[in-house]
Undergrad: 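If you scroll down you'll find the structure; I have some questions about it.
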Amino acid sequence: MPPIQLTTVPPHGAFSLAVHGGAGPLRDGPERAVAQAAGLRAALAAGDAVLAARGSALDAVCAAVAVLEDDEAFNAGRGAALTVDGTAELDACVCDGAAAQAGAVAASRFARHPVLAARAVMERTPHVLMAGPGPDWLDAVGLERVDPSWFVTPARLAALRAGTSDPTAPAVPAGLTEPRVGHGTVGAVARDAAGRLAAATSTGGVTGQWAGRIGDTPVVGAGTWADERVAVSGTGIGEYFLRAALAHDVAARVRWTGAGLADAVRDAIADDLVVPGGDGGVIAAAADGTLVLAHCSQAMLRGHLGPAGPVVVA
Ligand code: ASP
């Protein structure tokens, strides 16, 4: 059974913020690791600026995730993992714990920032989850749209082709049946100075996933959750998060058993990921500002604000 690595960050100021850049095996080279660390710092700085100006936790997690969506070093927005057809189908979700509201998009292909499209679903429609909002809808809600090819990078095409022995093979690797999972999905959790909690997650899914596959990220309670007690953002093989409603499982343990956040996170990862053979991790925030960052995968890119400014943990 893989060990669970868990960090608890006690409350240390008026607000708290943690981000992740995906969980999976340790296989990225040093150059990419440097780029990813810089990306996490930039995301923390963006969220920090919002929270320091007494902005909302919701604004902070959206700002942090939007930065990571624009960063090719992560599997979200531009540079997202590609489907078996070589297309980018992006999932994102936001949860506003104080308002008990959520919004999400699945298989989004046109929104430059899927996290902002998810927020628009929450704030501008009577719905919670929309599949692939189109260009007209994005225009109507005033969000930036791009051609779907904008998300597809040479590095991600190479990663997709890596499953075949034929270097001239098209983007569809023959015989690929198992999606490959790696670092990249991004997420943020925050508690603001008014005590409100929020979570946001954004992803391209897993490399080589079937076109049309939707992971845990946009499913409220699976990959993303926030209420008045906890905010959770997950990363890993989404099917395990979906089967167990993992993010909500963390919240339910806090709510119904009175467990502290660290115990709730550890037990949820153990029961929902480790026992069934899954892989991944979560970042979580509690109402008192405590942050917990934990994973059972070999690694999880993650960072949090500390008393002396942004601290990228690993
Ligand atoms: N959870 C994401 C998904 O399954 C992938 C990841 O976090 O790496 O879509």
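The shown structure was predicted, so the numbers you read here are calculated from the model rather than taken from an experiment. When a ligand or atom number is given, it counts from 1 through the structure's own listing order.
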Undergrad: Indicate yes or no: does Asp136 engage Arg145 in a salt bridge with an N to O separation below 4.0 Å.
TA: no
Undergrad: Just checking, is any N or O donor in the side chain of Glu72 or Thr153 under 3.5 Å from an acceptor N or O on the other one?
TA: no
Undergrad: Taking only heavy atoms of Thr185, which atoms of ligand 1 are found under 4.0 Å from at least one of them?
TA: 2 (C), 5 (C), 6 (C), 7 (O), 8 (O)
Undergrad: For ligand 1, which atoms sit closer than 4.0 Å to a heavy atom of Gly205?
TA: 5 (C), 9 (O)
Undergrad: Given Arg213, Gln209, Glu89, identify the one with the heavy atom nearest to atom 4 (O) of ligand 1.
TA: Arg213
Undergrad: Under the criterion side-chain contact (heavy atoms from CB on, under 4.5 Å), which of Leu129, Thr185, Thr203, Val105 is the partner of Asp91?
TA: Thr203
Undergrad: Heavy atoms only, cut-off 4.0 Å: how does His20 contact ligand 1, side chain, backbone, both, or neither?
TA: neither
Undergrad: Give the atom numbers and elements of ligand 1 that come within less than 4.0 Å of a heavy atom of Thr235.
TA: 6 (C), 7 (O), 8 (O)
Undergrad: Ligand 1 and Gly238, any nitrogen or oxygen pair closer than 3.5 angstrom?
TA: yes
Undergrad: Test side-chain contact (heavy atoms from CB on, under 4.5 Å) on Leu6 and Val292 and set out the steps.
TA: CA-CA 7 Å; Leu6 185 143; Val292 173; 3.9 Å; yes
Undergrad: Given 3.5 Å as the limit, does a donor-acceptor pair link the side chain of Asp85 with the main chain of Ala211, or not?
TA: no
Undergrad: For ligand 1, is Gly236 a contact, meaning one of its heavy atoms is under 4.0 Å away?
TA: yes
Undergrad: Using a 4.0 Å cutoff against the non-hydrogen atoms of Asp216, which atoms of ligand 1 qualify?
TA: 1 (N), 2 (C), 3 (C), 4 (O), 9 (O)
Undergrad: Give a yes or no on whether the backbone of Gly204 and the side-chain of Asn75 come within a donor-acceptor separation of less than 3.5 Å.
TA: yes
